[in-house]
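Below is one structure, written out as structure tokens; the observations come after it.
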Amino acid sequence: MSRIARACLILTSLCALRAAAAETDDDARQIRQLIPAAAAMRKADMEKLATSPKTPSETDIEDKSLTLKLFGMKLNKDRTEEQLEEYKTLTESPRASDLAAEIFRARRIGSVFITLSPVTAIHAERITGFTCEVDGDTARGTVSYKVPELYEGKANYVALRKDDSWRITEFLLPAHKIHLIRGEDGKWTEQK
């Protein structure tokens, strides 16, 4: 093989690697943007929690979103380091109003409250770390987040690509033995 042919082969290989890396970066950007909405609660579920005279049980809520699971966890004092890494409060006892203000992010316009963002524990600007490994039409990784003076944590996720669009289909908190799966209808269920 001539030097020119060898140089062309090397250059072609480098261009292919660069193109694959750019595609993976684009996939990671798309998936990262999906995290807040994928982790979100349905507004109706949030309203049910907020307005119910007694605290609804988990069976009263049909959609087991990551946000619901995070705020429904029993936070024992004797949790392991792995559990604390997955979710912990940053204050002794966070006020419900502070938590609601963070996840609901409603704005008052006159006498009406309007939600401007998804009702989620993980808003985009709260993401502090993100990994993404793409293998064909499946991506896996971890998202870390922190809300100063309230809570922080991390969750594993799985995303699937269908028709050039990514969709987050699983959230996992292994230390808490929480595995959430998203159905075709968009609702989350817990895998036991």
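Only this structure's heavy atoms are used, side chains among them; waters, hydrogens and symmetry mates stay out.
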Do [X] and [Y] have side chains that approach each other closer than 4.5 Å (heavy atoms only, starting at C-beta)?
X: R42; Y: I61; value: no
X: K69; Y: L180; value: yes
X: P174; Y: E86; value: yes
X: D137; Y: L160; value: no
X: L173; Y: L70; value: yes
X: I178; Y: L172; value: no
X: L150; Y: L99; value: yes

Selection residues 164-183 - residue pairs positive for ring-ring contact (aromatic ring centres under 6.0 Å, His included), sequence neighbours left out
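Of all non-adjacent pairs touching residues 164-183, those that pass ring-ring contact (aromatic ring centres under 6.0 Å, His included) are F171-W188.
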Between [X] and [Y], is there a donor-acceptor pair closer than 3.5 Å when you use the side chain of the first and the backbone of the second?
X: T67; Y: A121; answer: yes
X: R32; Y: T131; answer: no
X: T120; Y: H123; answer: no
X: T91; Y: P94; answer: no

Tell me, please, which residues at least two apart from [X] pass side chain to side chain donor-acceptor pair (under 3.5 Å).
X: K146; answer: none
X: T142; answer: N156
X: E184; answer: none
X: E85; answer: K154

Going by salt bridge (Lys or Arg N to Asp or Glu O under 4.0 Å), name the residues that satisfy it together with [X], two or more places apart in sequence or in a different chain.
X: K88; result: E152
X: R182; result: none
X: R126; result: E102
X: E92; result: K77

Rounded distance (nearest 0.5 Å) linking atom [atom1] of [X] with atom [atom2] of [Y]:
X: I31; Y: I168; atom1: CD1; atom2: CD1; answer: 7.0 Å
X: D27; Y: C132; atom1: CG; atom2: SG; answer: 7.0 Å
X: E125; Y: Y145; atom1: CD; atom2: OH; answer: 14.5 Å
X: K64; Y: T189; atom1: NZ; atom2: OG1; answer: 9.0 Å

Residues passing the ring-ring contact (aromatic ring centres under 6.0 Å, His included) test with F71, sequence neighbours excluded, are Y151
Please enumerate all residues that pass ring-ring contact (aromatic ring centres under 6.0 Å, His included) together with Y157, with sequence neighbours excluded.
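Y157: ring-ring contact (aromatic ring centres under 6.0 Å, His included) contacts with F130.
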Taking 4.0 angstrom as the limit, do D135 and R140 come out as a salt bridge?
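Salt bridge absent between D135 and R140.
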Would you mind checking if D63 and K187 are paired as a salt bridge, meaning a charged N to carboxylate O distance below 4.0 Å?
no
So which atom in S65 and which in A40 form the shortest heavy-atom distance, rounded to 0.1 Å?
CB-O, 3.1 Å
Counting heavy atoms not belonging to E149, are there more than 12 under 6.0 Å from its CD?
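No, CD of E149 has 12 or fewer neighbouring heavy atoms, counting only those of other groups under 6.0 Å.
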Cluster check I181, L66: I/L/V/M/F/W/Y, side chain < 4.5 angstrom:
no
Hey, could you give me each pair passing salt bridge (Lys or Arg N to Asp or Glu O under 4.0 Å) that has a residue in residues 167-177? Not counting sequence neighbours.
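Checked against salt bridge (Lys or Arg N to Asp or Glu O under 4.0 Å) - neighbours excluded - no pair reaches residues 167-177.
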